[in-house]
Amino acid sequence: MVLDREFFAQPSVEVAPRLLGALLSVDDTVLRITEVEAYLGEVDPGSHAFRGRGNRNAAMYGPPGHLYTYFTYGMHTCANVVCSPEGVASGVLLRAGEVVGAVAQARARRLTSKSDADLARGPALLCVALGITLADGGADLDSGRFRLDLPAAQSPCEMGPRTGVSGPGGSAEYPWRFWIPGDPTVSPYKRHRPSRVEPVETSER
DNA sequence: GTCGAGATTATCT
DNA sequence: GATAATCTCGACC
């Protein structure tokens with residue numbers, strides 16, 4: 001099955017909602033994606049590619065349908081699906097999902113996780129649960145250990161501001177976070193970390 | 001349930 | 001030297 005090269009060659013904002021409900025297999029572990037976030041690359045202040053190509057984000061400039069992994073906060077690995085044609089930086093961050101295959105293995109990797117819903121609730125946890133590491137960066141998502149199956153129909157989806165993104169423009173301006181409404185595996189992080197815009201102060205609840 | 005602060009290191013300026 | 005697409009834990013409601 002042609003894993004729709006054309007599909008992944010679109011901008012990440014187009015690809016992101018369609019990834020909801022997709023099944024990502026890594027070895028024997030299968031994840032149903034429930035939450036993603038789109039990054040547009042050089043025109044997106046929140047993107048790693050905003051300041052141009054570097055060593056870390058090289059994979060994001062690579063061919064679509066591949067994996068882009070990066071290390072952040074000194075201890076966390078996160079995974080993206082590369083979008084847009086080769087040479088254009090764009091990606092979809094996998095934020096959360098539900099482990100539906102080889103749950104025992106995923107649970108073994110996630111010792112701190114208490115319930116199944118917690119196994120992949122968050123970008124870094126998702127990678128741990130699936131066993132994705134930096135070494136998997138640049139891997140084709142339709143070969144080797146990886147396989148990505150898109151849902152036949154688009155899942156219901158809700159969108160909102162991205163979380164955890166700092167820098168200029170905040171990125172509340174970019175409502176490019178997509179998730180499946182009501183799914184228990186969607187990350188509960190509604191807290192905005194940095195400078196939160198306080199609209200007014202005249203009480204008003 | 002929500003909110004707030006600290007930890008910890010690869011990558012880039 | 002500063003930054004970061006985060007997580008965990010503790011306090012409070």
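These numbers were taken from a predicted model, which means no experiment stands behind them. Letters go in sequence order (proteins before strands), and every chain restarts at 1.
Without hydrogens or angle criteria, A/N80 side chain to A/V82 main chain gives no donor-acceptor distance under 3.5 Å. Side chain of A/S155 to backbone of A/L20: a donor-acceptor contact under 3.5 angstrom is found. Under the 3.5 Å distance criterion, the side-chain polar atoms of A/Q105 are left unmatched by any main-chain donor or acceptor of A/A102.
Remark: C1' of C/dC7 and NZ of A/K114 are 14 Å apart, rounded to the nearest angstrom. A/R121 places its CZ atom 15 Å from the P atom of C/dT6, with the value rounded to the nearest Å. Atom CZ of A/F50 and atom P of C/dT3 are 17 Å apart (whole Å). Distance CG (A/L93) to P (C/dA4): 16 Å, rounded to an integer number of Å. For the pair A/D118 CG and C/dC9 C1', the computed distance is 14 Å after rounding to whole Å. Note: CD (A/E37) to C1' (C/dT6) measures 12 Å, nearest angstrom. If you measure from atom CZ of A/R95 to atom C1' of C/dT6, you get 9 Å, rounded to the nearest angstrom. Residue A/R177 contributes atom CZ, which lies 13 Å from atom C1' of C/dT6 at whole-angstrom precision.
Stem list for DNA chain C (at least 3 consecutive Watson-Crick or G-U pairs, distances under 3.5 Å): B:1-7 with C:6-12, B:9-12 with C:1-4.
Here the side chain of A/L125 is nearest to one of C/dC7, C/dA5, B/dT8, namely C/dC7. The side chain of A/S47 has C/dA5 as its nearest neighbour among C/dC7, C/dA5, B/dT8. Of the candidate nucleotides C/dT8, C/dA5, C/dA4, C/dA4 has the atom lying nearest to any side-chain atom of A/Y73.
Listed by chain and number, the residues in a salt bridge (Lys or Arg N to Asp or Glu O under 4.0 Å) with A/D27 are A/R145 (sequence neighbours excluded). In terms of the side-chain contact (heavy atoms from CB on, under 4.5 Å) criterion, residue partners of A/C127 (sequence neighbours excluded) are, by chain and number, A/T77, A/A79, A/I132. Shown here are the side-chain contact (heavy atoms from CB on, under 4.5 Å) partners of A/V30, two or more places apart in sequence or in another chain: A/L23, A/S25, A/V100. Under the side-chain hydrogen bond (donor to acceptor under 3.5 Å, both in side chains) criterion, A/S113 pairs with no residue, sequence neighbours left out. Take A/T133 and apply the side-chain contact (heavy atoms from CB on, under 4.5 Å) test, not counting sequence neighbours, and it matches A/A135, A/D136.
Proximity of A/T112 to the phosphate of C/dC7: no side-chain N or O atom is located under 4.0 Å from OP1 or OP2. Between A/H76 and C/dC7, a side-chain N or O to OP1/OP2 separation shorter than 4.0 Å is absent.
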Report all side-chain donor-acceptor pairs from residues 49-57 of chain A shorter than 3.5 Å, counting only partners two or more places apart or in another chain.
residue: A/N57; atom: OD1; partner: A/G54; partner atom: N; Å: 2.6
residue: A/N57; atom: ND2; partner: A/H48; partner atom: O; Å: 2.9
residue: A/N57; atom: ND2; partner: A/G52; partner atom: O; Å: 3.2

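Other residues sharing a hydrophobic cluster with A/M75 under the 4.5 Å side-chain heavy-atom criterion for ILVMFWY residues do not exist; the residue is a singleton. Apart from A/F71 itself, the hydrophobic cluster it occupies contains A/L134, where clustering links Ile, Leu, Val, Met, Phe, Trp and Tyr at side-chain heavy-atom distances under 4.5 Å.
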Below 3.5 Å between N/O atoms, which protein atoms pair up with nucleotides 10-13 of chain B? Just atom names and distances, please.
residue: B/dC12; atom: OP1; partner: A/N55; partner atom: N; Å: 3.1
residue: B/dC12; atom: OP1; partner: A/R56; partner atom: N; Å: 3.1
residue: B/dT13; atom: OP1; partner: A/R51; partner atom: NH2; Å: 3.4
residue: B/dT13; atom: O5'; partner: A/R51; partner atom: NH2; Å: 3.4

If you restrict it to nitrogen or oxygen atoms, what contacts under 3.5 Å exist between nucleotides 10-12 of chain C and the protein, and what is each distance?
none

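Sorted by first then second residue, the salt bridge (Lys or Arg N to Asp or Glu O under 4.0 Å) pairs that include residues 104-117 of chain A, not counting sequence neighbours, are A/R107-A/D116.
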